[in-house]
Amino acid sequence: ASQERLAAGADLHIRHDGGTCVTYTAANGSEYCIDVAKMEQVNMKKGTSRAVFRQCGHGVWLMWLYEAQRAEGRNYTHSRKTHIQYPKWVAFALEQCWKTMQGELGDGSAAASASAQWRRIVADLDDATLRR
C-alpha cells in the first residue's frame, strides 16, 4: 500500500524550486506552476492563471484549492466559480513551501505582511492618481 501511495505522488512529477513555487503535472498531462507567495497557479503551456486558496478543513487538516469555472446554475448555485482541491501530494508540497515562506518572513504571517503592503499602496493614492 505504501508503494502505491509513493507511485501516486511520483506520477504527478512534483518539483519545488527552492523558493515559493511548486510545479506538477496533472492527470490530464498539463503542467502547472503554483506560486504560494502570489497564491496563483499558472498553466505552463497556455499561460493562463487561476487563484489559489489555503483553508482549514475539518479539524486540523489544511486544504489547498484552486478556482475553476463551471456551467452556471449547477449544484443549486448561480455562481460559475468553484474551488477544486489539489491532489494530496501536491497539497503536501504546497504546505511545505508555505511554511518555509512563513519562516522567512520572520513574523510568521504572510497575509499580514501582504495586507500591510496593500494598505501602504492604497494610502499613497490620491484623487488625481485615481482619475488618470
Measure the spacing between [atom1] of [X] and [atom2] of [Y] and express it to the nearest 0.5 Å.
X: Gln41; Y: Cys21; atom1: CD; atom2: SG; value: 12.0 Å
X: His83; Y: Gln55; atom1: NE2; atom2: CD; value: 7.5 Å
X: Glu95; Y: Thr100; atom1: CD; atom2: OG1; value: 10.0 Å
X: Thr25; Y: Glu31; atom1: OG1; atom2: CD; value: 4.5 Å
X: Met44; Y: Ser30; atom1: CE; atom2: OG; value: 11.5 Å
X: Leu62; Y: Leu94; atom1: CG; atom2: CG; value: 11.5 Å

Exercise. Could you go step by step and tell me if Met39 and Trp64 meet the side-chain contact (heavy atoms from CB on, under 4.5 Å) rule?
Worked result: CA-CA 10 Å; Met39 297 303 277; Trp64 282 88; 3.7 Å; yes

Exercise. Between Ile14 and Val90, which heavy-atom pair has the shortest distance, and what is it?
Worked result: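 Closest approach of Ile14 to Val90: CD1-N, 3.7 Å.
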
Exercise. Would Met63 and Arg54 satisfy side-chain contact (heavy atoms from CB on, under 4.5 Å), going step by step from the backbone distance to the final call?
Worked result: CA-CA 6 Å; Met63 294 187 302; Arg54 178 183 179 265; over 6 Å; no

For this session: For side-chain contact (heavy atoms from CB on, under 4.5 Å), just list the numbers for Asp17 and Thr23, CA-CA rounded to whole Å, side-chain angles, deciding distance to a tenth of an Å, and then say yes or no.
Result: CA-CA 8 Å; Asp17 72 350; Thr23 304; over 6 Å; no

Exercise. Side-chain heavy atoms under 4.5 angstrom apart, residues restricted to Ile, Leu, Val, Met, Phe, Trp, Tyr: same cluster for Val36 and Val42?
Worked result: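 Each belongs to a different hydrophobic cluster.
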
Problem set entry | Pair Asn43-Thr48, side-chain donor/acceptor within less than 3.5 Å | no

Exercise. Which class fits the ring pair Tyr24 and Tyr86: parallel under 30°, tilted 30 to 60°, perpendicular over 60°?
Worked result: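 The arrangement is perpendicular - the two ring planes meet at more than 60°.
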
Exercise. Between Arg50 (side chain) and Glu67 (backbone), is there a donor-acceptor pair under 3.5 Å?
Worked result: yes

